[in-house]
Structures are given as structure tokens and as C-alpha cells.
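Below, chains carry the letters A, B, ... as their sequence lines are ordered, and counting in each starts from 1.
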Amino acid sequence: MTTKYQAIKGVKDILPGEIEKWQFMEKTAREVFELYGFSEIRIPIFEMTAVFTRSIGETTDIVEKEMYTFPDRSGDSLTLRPEGTASVVRAYVEHNLYNPPSVVKLYYMGPMFRCERPQAGRYRQFYQIGVEVFGTENPEIDAEVIGMLLKYFEKLGLKELELQINSLGCDECRPKFREALLEFLKNKINLLCEDCQKRFERNPLRIFDCKSVSCHDATKEAPTIEGYRCDNCKSHFNSTINFLDKLNIPYVKNPKLVRGLDYYTKTAFEIISKGLGSQNAIAGGGRYDKLVEEFGGPPTPAFGFAIGMDRTAQLIQPLAFSLQPSVFIVALGERANQKVFELINNLRQNEIRVERDYEGSSLKSQLRKANKFGVRYTIIIGDNELDKDKVILRDMSGSRQEEIDIETIVEIMTKKLRER
RNA sequence: GUGAGCGUAGCUCAACUGGUUAGAGCACUGGACUGUGGCUCCAGUGGUUGAGGGUUCAAGUCCCUUCGCUCACCCCA
């Protein structure tokens with residue numbers, strides 16, 4: 001008995017009919033991002049494990065339980081990238097892209113890997129388009145890049161999106177907030193769910209995210225980051241907001257928005273879509289002003305986001321993307337077949353998309369096939385035509401057909417297709 | 001890692017509380033129409049009911065095991 005193979009859990013094939021959406025997403029991204037001065041960077045699919053553990057954070061879920069990590073033959077620990085930012089920062093520092101000093105704008109696209117239980121809008125191999133800007137703390141960049149992202153979604157025809165934005169503070173003010181939060185929750189700890197009791201120790205900010213009713217109630221009166229931002233963070237956030245207003249971008253301030261990667265500072269945001277499953281964030285990002293330094297580069301503020309392509313694809317209306325052939329050629333019999341083989345080649349030399357039947361089916365069957373391909377013209381060649389050095393050219397929309405000299409058919413097809 | 005739901009033809013789904021040979025639509029092939037598509041009508045191909053075991057006179061249906069898919073929790077894009 002032969003084994004029937006299937007794709008491993010959480011990965012999928014993107015088939016013709018669906019792939020056109022993906023090509024559309026990629027093409028549009030290049031157009032929009034390049035308009036804003038971004039260049040593509042291709043980063044490897046895997047890295048030394050430490051690249052991710054250091055940047056994403058040792059105690060995050062991604063690092064603790066979701067990475068595909070394995071030793072290579074020399075014993076080094078490698079990891080399939082769970083996100084793109086860490087690699088881009090590594091490349092930025094490795095190639096001294098900060099020299100000469102100026103703002104560097106990069107984008108990337110490709111697969112990411114996280115070993116999670118698959119769910120609607122979540123896969124083990126999933127695809128992201130990401131953007132990173134290095135070298136400025138200016139809040140104009142925060143607003144400009146968010147604006148670019150929304151323009152991109154607009155070009156894809158997405159509607160009913162919501163921008164949620166927050167400022168997480170910096171290493172000046174976030175520790176103070178954390179203190180205050182711990183202080184507040186200290187005597188409510190037994191009201192929290194089991195998971196949140198763990199979070200209390202490790203990542204108390206995440207308790208805000210919890211959906212359990214008791215945790216929600218317990219944090220109702222809790223302090224939020226808003227009251228603890230330092231002057232610098234406060235003014236950065238206000239400026240960002242003001243620039244968003246200038247771009248007429250609507251947003252919802254969400255002081256409870258927390259992101260799952262440790263490197264974020266100041267601005268954090270997500271784009272939420274209605275009508276997805278419970279995994280409703282189609283893009284997320286923010287500022288990470290310390291990460292380049294942690295990778296051994298000079299102090300370099302940075303801002304970026306990542307788009308979830310799988311989720312975005314779900315929202316794109318199915319359009320008639322697919323490329324149809326213009327001409328179908330019917331050959332009847334072996335003699336005709338010989339002739340048709342050459343003719344098809346000639347047509348393709350002239351940039352005409354041609355399809356044919358490879359099975360030697362009946363005329364009726366081949367015409368049915370032509371109809372299914374949706375071609376405008378069908379060329380029919382059988383013994384009768386060969387004897388006269390003619391072909392039949394059939395216009396499929398009106399059922400009209402005429403005999404044409406076989407020598408002139410390529411020229412006539414070229415002309416007819418150009419007219420339309 | 002936890003919980004719930006679902007696995008029947010290539011696809012979408014039927015089959016009442018267990019009951020004869022597991023059906024229909026779409027798709028595919030052929031015919032009505034000797035070499036002329038779409039519409040219509042007729043016929044045909046296609047199944048180890050995910051797999052394995054058990055209960056029963058009898059299992060697609062009930063029980064157990066296992067694999068897979070889906071959704072949700074967790075978390076994230």
C-alpha cells in the first residue's frame with residue numbers, strides 16, 4: 001500500500017485561483033512602499049537562535065514555545081524565523097547600513113514560522129510583509145508609515161479597518177508604570193485567573209489583554225500607562241496623534257494595547273478588521289528605539305510594522321485575476337496535429353496566449369474545452385482545411401466562422417487581438 | 001499545551017430512533033446533433049463511508065482506539 005502524503009499541520013499550498021490574490025498583494029506592496037522611498041531587503045529564512053531570543057524576549061510565548069529550533073551539523077542552534085524585524089536589525093548592523101548616517105527604509109516579504117496550534121487566520125508557516133525605518137525618532141515617521149500602511153490596504157480594497165494605537169513608554173517610564181501596576185494588583189492576585197497569576201510575575205501588562213471576566217473586573221480601576229508616561233513619551237505620542245489627524249487618519253486610543261514582543265517602546269499599534277475570526281489583527285507594529293543598540297549598533301531609533309498576508313488575503317474580494325488564453329486551437333487527426341504543433345509555436349512567438357487539447361478528442365469535446373477556457377477565438381484545422389491550405393477561424397462570442405489562408409493566420413490573429 | 005465540533009464520490013452535501021445493492025447536485029466522459037461550444041434532455045465513469053478494533057441477526061449510524069481537519073482558549077500577523 002502506498003502512503004498518501006499530505007502537507008504537515010499548519011502549512012498550506014496556495015493554488016492557482018488563489019495565488020493571484022497573493023501576487024496582487026505583493027505587487028501593490030512594492031508599488032506603494034517604493035513610492036514612499038523604501039527598498040526591498042531579502043533576509044534569510046533562518047538565523048542563529050540567539051538573534052531571536054535576544055530581540056523578541058526570553059520570556060515571550062514566541063521564544064518559549066513557538067520557535068522551530070534545531071541544531072545544524074556543527075552543533076550551532078538555528079531557528080526558522082518567527083518574525084522579520086530581528087533579522088533586518090541584524091543585517092542593518094552587520095552591514096553598517098547606519099553609515100553614512102541617514103534614515104534607512106526597508107521592506108521585506110516572505111514566510112515566517114511559529115509552532116502553534118493552527119486556527120482561523122493562523123498557520124505554522126504564515127506570510128508577512130514588513131517594513132522597517134531606521135535612524136529617526138521623529139513622530140512624523142510614525143504617522144507617515146502608518147499612513148502608508150493604510151494607503152496600502154485601501155489599494156487592496158479593504159474596508160472597515162480600525163487603527164488602534166498606544167504608547168508603551170520608554171525604559172524611563174515603563175518600569176515606573178509596571179511598579180504601580182504590580183502594587184495595584186498585589187492584593188487582588190487571587191481574583192486573577194491561573195494564567196494571569198503567572199503573568200503577574202513575568203509580564204503584568206498582559207493581564208489587560210485577558211478575556212476572563214474576573215481579570216477584566218480586577219483591572220477595571222487599574223492604573224494605565226497614560227498616567228505614567230514621561231514628558232518625552234507624552235509629547236512624542238501627542239505629536240504622533242497630531243500628525244495622524246493631519247493625514248485625516250481615524251484611530252482609537254487603546255491604553256491597554258500591549259504587544260507580544262519585548263522590544264517595543266513608545267508607539268505601538270494594530271490594524272483590526274471586522275469579519276475575520278478571533279485572530280482579527282491584520283497588521284501590527286511600533287517603535288523599537290533600543291533594539292539596534294542591543295545588536296551592537298550605534299543608538300538608532302527605529303519604527304516598523306508587519307502585515308499578516310494570510311489574514312489580508314481573506315479580506316480581498318475575489319476578483320477576476322486569472323489570465324485567460326486568447327486563442328484555442330483544435331486539431332483533427334494526425335496530419336493536422338503536426339501542423340498545429342508548429343502553428344502554436346508561431347503564435348506564441350508573437351506573444352499570443354494559446355491553448356490546445358492534448359488528448360486528440362472529438363471536435364465537440366475540443367470546442368467545449370475552448371468554451372471553458374473562455375477564449376474569444378478558436379482556430380480549427382482538419383483534413384478538409386489542410387487540403388485547401390486553409391484554417392477555420394471561429395469567433396466564439398457570435399458563432400461566426402470564416403476560412404482563412406493558413407499562411408496569413410498568425411498575422412490576422414495578431415491584428416484581431418490588437419484591435420480589442 | 002487545553003477544550004469543543006467534524007471526517008461519506010474530484011467538490012458541496014443527503015441517508016428518520018441501527019435495516020436490504022450508500023444517494024443527489026456540480027464537475028467529468030459519451031450520446032441526441034458522422035466535423036461545430038454555451039441551453040436542454042438521456043446515459044455512463046467515479047466510494048475500502050479517514051484507519052483499526054468492538055457490540056449486534058444487521059453499523060455510514062452505537063462504543064473504544066488512532067489519525068486528520070476545523071473552530072475556540074493561550075498568543076500573535
Quiz item: Which part of the nucleic acid does A:Leu261 contact within heavy-atom distance under 4.0 Å: base, sugar-phosphate only, or nothing?
Solution: sugar-phosphate

Quiz item: So what does A:Glu83 hit on the nucleic acid, given a heavy-atom distance under 4.0 Å: a base, only sugar-phosphate, or nothing?
Solution: nothing

Practice problem: Pick the C1' atom in B:rU48 and in B:rA59, then give their distance to the nearest Å. | Solution: 15 Å

Self-check item: Distance in angstrom units between A:Arg368 CZ and B:rC39 P, rounded
Solution: 10 Å

Quiz item: Hey, which of A:Phe305, A:Tyr263, A:Phe303 is the one that makes ring pair (Phe, Tyr, Trp, His ring centres under 6.0 Å) with A:Tyr288?
Solution: A:Tyr263

Quiz item: Touch check for A:Gln279, heavy atoms < 4.0 angstrom, all strands: base, sugar-phosphate only, or nothing?
Solution: base

Quiz prompt | Rounded distance in Å - CD (A:Glu270) to C1' (B:rA77) | solution = 9 Å

Quiz item: Side chain of A:Asp383, base of B:rG35: donor and acceptor closer than 3.5 Å?
Solution: no

Quiz item: Would one find a side-chain N or O of A:Lys372 under 4.0 angstrom from OP1 or OP2 of B:rA27?
Solution: no

Exercise. Assign A:Arg311 to base, sugar-phosphate, or nothing according to its heavy-atom contacts below 4.0 angstrom with the strands shown.
Key: base

Quiz prompt | Partner nucleotide of B:rG10 by Watson-Crick or wobble geometry (both distances under 3.5 Å) | solution = B:rC26

Exercise. Could you tell me how the ring of A:Tyr228 sits relative to the ring of A:Phe177: parallel (under 30°), tilted (30 to 60°) or perpendicular (over 60°)?
Key: tilted

Quiz item: Taking the side chain from A:Asn138 and the backbone from A:Glu140, do they hold a donor-acceptor pair closer than 3.5 Å?
Solution: yes

Self-check item: Distance-only donor-acceptor test (3.5 Å): side chain A:Asn371, base B:rG37
Solution: yes

Self-check item: Any A:Lys364 side-chain nitrogen or oxygen under 4.0 Å from OP1 or OP2 of B:rG37
Solution: yes

Self-check item: Distance, P atom - from B:rG25 to B:rA14, rounded to whole angstrom
Solution: 16 Å

Self-check item: Interatomic distance, A:Glu359 CD vs B:rU29 P [rounded to whole Å]
Solution: 10 Å

Practice problem: Using a heavy-atom cut-off of under 4.0 Å over every strand shown, decide if A:Ala283 touches base, sugar-phosphate, or nothing. | Solution: sugar-phosphate

Quiz item: Can the positive tip of A:Lys12 be found less than 6.0 Å from the middle of the six-membered ring of A:Tyr123, inside 45° of the ring normal?
Solution: yes

Self-check item: Minimum heavy-atom distance A:Ile225-A:Ser167, with the two atoms named
Solution: CG1-O, 3.4 Å

Practice problem: May I ask you to say what A:Ile282 touches in the nucleic acid, namely base, sugar-phosphate or nothing, with a heavy-atom cut-off under 4.0 Å? | Solution: sugar-phosphate

Practice problem: For nucleotides B:rA72 and B:rC11, find the distance between their C1' atoms and express it as a whole number of Å. | Solution: 27 Å

Quiz item: Can you tell me if A:Thr79 and A:Thr69 form a side-chain donor-acceptor pair at under 3.5 Å?
Solution: yes

Quiz item: If you look at every strand shown and take non-hydrogen atoms under 4.0 Å, does A:Ile392 touch a base, only sugar-phosphate, or nothing?
Solution: base

Quiz item: Rounding to a whole Å, what distance do you find between A:Glu403:CD and B:rU36:C1'?
Solution: 14 Å

Quiz item: For B:rC69, does OP1 or OP2 lie under 4.0 Å from any side-chain N or O of A:Lys9?
Solution: yes

Self-check item: A:Gln125 and A:Tyr127: side chain donor to acceptor below 3.5 Å
Solution: yes

Quiz item: On a whole-Å scale, what distance lies between the C1' atoms belonging to B:rU17 and B:rU61?
Solution: 11 Å

Quiz item: Rounded to the Å, how far apart are A:Glu116 CD and B:rU70 P?
Solution: 14 Å

Quiz prompt | Span that lies between the P atom of B:rG38 and that of B:rU21, in whole angstrom | solution = 39 Å

Quiz item: Does NZ or CZ of A:Arg229 lie under 6.0 Å from the centre of the six-membered ring of A:Phe237, at an angle within 45° of the ring axis?
Solution: yes

Quiz item: Looking across every strand, which nucleic acid part, if any, lies under 4.0 Å from A:Ser365 by heavy atom: base, sugar-phosphate, or nothing?
Solution: sugar-phosphate

Exercise. Look at the side-chain N and O atoms of A:Arg117 and state whether any lies under 4.0 Å from the OP1 or OP2 oxygen of B:rU70.
Key: no

Exercise. Rounded to the nearest angstrom, tell me the gap between atom CG in A:Leu15 and atom C1' in B:rC11.
Key: 13 Å

Quiz prompt | Atom-pair distance (NZ on A:Lys388; P on B:rG35), nearest Å | solution = 18 Å

Quiz item: What is the nucleic acid contact for A:Gly130, judged by heavy atoms within less than 4.0 Å: base, sugar-phosphate only, or nothing?
Solution: nothing

Exercise. Look at the side chain of A:Arg394 and the base of B:rG37, then say whether one donor and one acceptor between them are separated by less than 3.5 Å.
Key: yes

Self-check item: Rounded distance in Å between the P positions of B:rU8 and B:rA51
Solution: 10 Å

Quiz item: Should A:Gln119 be listed as having a side-chain N or O under 4.0 Å from OP1 or OP2 of B:rA72?
Solution: yes

Exercise. Mind calculating the distance between CZ (A:Arg124) and C1' (B:rC74) to the nearest angstrom?
Key: 14 Å

Exercise. Give A:Glu385 one of three labels, base, sugar-phosphate or nothing, depending on what nucleic acid heavy atoms sit under 4.0 Å from its own.
Key: base

Quiz item: Expressed in whole Å, how much space separates the C1' atoms belonging to B:rG18 and B:rC57?
Solution: 12 Å

Quiz item: Contact class for A:Tyr123 vs. all strands (heavy atom < 4.0 Å): base, sugar-phosphate, or nothing?
Solution: base

Exercise. When you get a sec, tell me which of B:rC74, B:rA77, B:rG35 is the closest nucleotide to the side chain of A:Asp61?
Key: B:rC74

Exercise. Could you tell me whether the phosphate oxygens of B:rC73, OP1 or OP2, come under 4.0 Å of any side-chain nitrogen or oxygen in A:Ser278?
Key: yes

Quiz item: Rounding to the closest angstrom, what is the interatomic distance between B:rA9 and B:rC13 at atom C1'?
Solution: 11 Å

